Amino acid sequence: MKNSFYANTKVVGLIGHPLKQTYSPFIHNVAFQFKNLDYIYLPFDVISDNLAAALKGVMALGIEGLNVTIPYKEKIIKYLDELSEESAIIGAVNTVVNDQGILKGYNTDVYGIMESLMPFKDEITGSKVCVIGAGGASRAVIYTLIRYFKPEEITLINRTVQRADSLQNYFSEKMLYNNFKTKDLFPPELIGTFQSSKLIINSTPIGMFPDVHDTPTELKESFYQGQLVFDMVYNPTETVFLKLAEKQGAKIIGGLKMLVYQAAKSFELWTGEEMPTEKISRALELLIKE
Ligand code: NAP
C-alpha cells in the first residue's frame, strides 16, 4: 500500500477451529491489493471455550468483520446483535460485520449459490432437484432453491438419512415448503432419482483434494444430455463427478464460482467495495493448479 505507515490498516479475518487449508486469506488479501485498500485478512484459530471472549476482542480491538467456519457457523449466532433474513432462516452465519460495536450476521453462501445457478433459472424453476448432503452448505442451498427457484420437488440425499429427515422437517416448518423426499446415499438405488432430476447438487466434500477419485456416483446412467450438475467442491476445479456428468452431455457448474462470489459478498459487506471477481477467479485457478 502506497504511502501507508500501517497505522490505519483495517483488520478482518476468519474464525474457526481447527482452521484447515483455506483459500479465504488469499482471496481477500489479493483483492485488497487489487483495489488498493488498506485492509488485512488474518486467520484466527479459536477454541470453543474462547469464542465469547474472541467476539468481545473483535469489538475491543475494532476488528471490522469475520468469516465464520466450522464449527462456529451456528454457535456464533447467540453472540450476535442482528441477523440478516437469510441467516436467520438458514440458522447459520458465515460472515460477521462489526458495525460500530453492533455485530451483524449474514450468510453469503446464498449469494455464491445464486451466482452459480441464476444463469439456469428458467430450467430449474418448477423442476425436480436433488441435493446430496445435509450439512451447512446444504442448508444454504435448500434456502436458495426454495426462495428463488421454487422447484417442484427437492430430494435430500445423505449418508446419514436421519440428518436429511431433520432438514426436511426444519425447512417445512421455516419456509412452509412440503415437497421434500429423503433418501440414503446408495448410488445404484438412486439412479431413478438422479434421472428424474433436472438439477443434481453435490454439497458434500466427496471428491475434494486429496480424495480426488471419489464421487457421489460413478454410474454414467445417473446423468443425461441437458441436465444440470453443480458440485460445490472447488479443489479440483473439475471433479470426477462433474467430468462424468459432462461426458453424458450434462451442463456442469464447479464450486469455484460459489467460493469467489460468497467471498465477494463478504468483501462488499466489510468494505462497501466490489471485489474484482474475474481477476480473483483467475488467480485462484492458478493457485489451485500449482
Ligand atoms: P458439513 O456441515 O460438515 O456437512 C458435510 C456433509 O457431507 C454431510 O451431509 C455429511 O454426511 C456429508 N459427507 C461428508 N463426508 C462424506 C463421505 N465421505 N461420504 C458421504 N457423505 C459425506 O460441511 P459443509 O459446510 O456443508 O460443506 C460441505 C462441502 O461443501 C465441503 O466440501 C465444502 O468445502 C463445500 N463448500 C463449498 C463452498 C463453496 O464456496 N464452493 C461453500 C461451502 C461449502 P453425514 O451427515 O452422513 O455426516
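Order of listing sets the numbers, starting from 1, for every ligand and every atom in it. All of these numbers come straight from a predicted model, not from anything done at the bench.
Checked against a 6.0 Å centroid threshold, the rings of Phe241 and Phe223 count as neighbours. Side-chain rings of Phe230 and Phe120 stay apart, their centers remaining 6.0 Å or farther from each other.
The aromatic rings of Tyr41 and Trp270 sit tilted, their planes meeting at an angle between 30° and 60°.
Checking only distances, Lys73 never comes within under 3.5 Å of ligand 1, N or O to N or O. At under 3.5 Å, a nitrogen or oxygen of Met232, whether backbone or side chain, sits near a nitrogen or oxygen of ligand 1. Checked by distance only, ligand 1 and Thr160 come closer than 3.5 Å through their nitrogen or oxygen atoms. Here's the thing with Leu185: none of its N/O atoms is less than 3.5 angstrom from an N/O atom of ligand 1.
In terms of protein heavy atoms, atom 3 (O) of ligand 1 is closest to Ile70 CD1, 4.2 Å. When only non-hydrogen protein atoms are considered, atom 14 (C) of ligand 1 lies nearest to Pro205 CD, 3.3 Å. For atom 38 (C) of ligand 1, the nearest protein heavy atom (residue, atom name, distance) is Met258 CE, 3.8 Å. For atom 24 (P) of ligand 1, the closest non-hydrogen atom on the protein side is Ala137 N, 3.8 Å.
Atom 33 (C) of ligand 1 is never approached by the protein to below 4.0 angstrom, counting heavy atoms only.
Of all heavy-atom pairs spanning Ala164 and Asn158, the tightest one is CB-CB, 4.0 Å. Considering every non-hydrogen atom in both Ile47 and Tyr72, the closest pair reads C-OH, 3.1 Å. Taking all atoms of both residues into account, the shortest heavy-atom contact from Gln195 to Glu221 is NE2-O, 2.9 Å. Across all their heavy atoms, Ser266 and Thr95 have their closest contact at OG-OG1, 2.8 Å. When all heavy atoms of Ala31 and Phe267 are compared, the pair lying nearest together is CB-CE1, 3.5 Å.
For ligand 1, the atoms closer than 4.0 angstrom to any heavy atom of Gly136 are 2 (O), 26 (O). For ligand 1, the atoms sitting less than 4.0 Å from at least one non-hydrogen atom of Ile206 are 17 (C), 19 (N), 20 (C), 21 (N), numbered in the order shown with element in parentheses. Close contacts between ligand 1 and Gly133 involve ligand atoms 9 (O) [criterion: under 4.0 Å to a heavy atom]. Of all atoms in ligand 1, numbered sequentially from 1 with element shown, those under 4.0 Å from a heavy atom of Met208 are 34 (O).
For Arg282 and Glu285, the salt-bridge test fails: no basic side-chain N is under 4.0 Å from an acidic carboxylate O. Between Glu85 and Arg147 a salt bridge is recorded (basic side-chain N to carboxylate O distance below 4.0 Å). Looking at Glu238 and Lys243, no side-chain N of the basic residue comes within less than 4.0 Å of a carboxylate O on the acidic one, giving no salt bridge.
Under 4.0 Å from ligand 1, the heavy atoms of Arg163 that appear belong solely to its side chain. Only the side chain of Asn158 comes within 4.0 Å of ligand 1, judged by heavy-atom distances. The proximity of Ala140 to ligand 1, defined as any non-hydrogen pair under 4.0 Å, does not occur for either the backbone or the side chain.
When the options Gly135, Ala164, Ala92, Gly254 are ranked by their closest heavy atom to atom 4 (O) of ligand 1, first place goes to Gly135. The residue among Gln262, Lys20, Arg159, Gln162 with a heavy atom at the shortest distance from atom 17 (C) of ligand 1 is Arg159.
A heavy-atom separation below 4.0 Å is found between Ser203 and ligand 1.
For the residue pair Thr277 / Tyr261, a side-chain donor-acceptor distance below 3.5 Å is found, with atom types taken as modelled.
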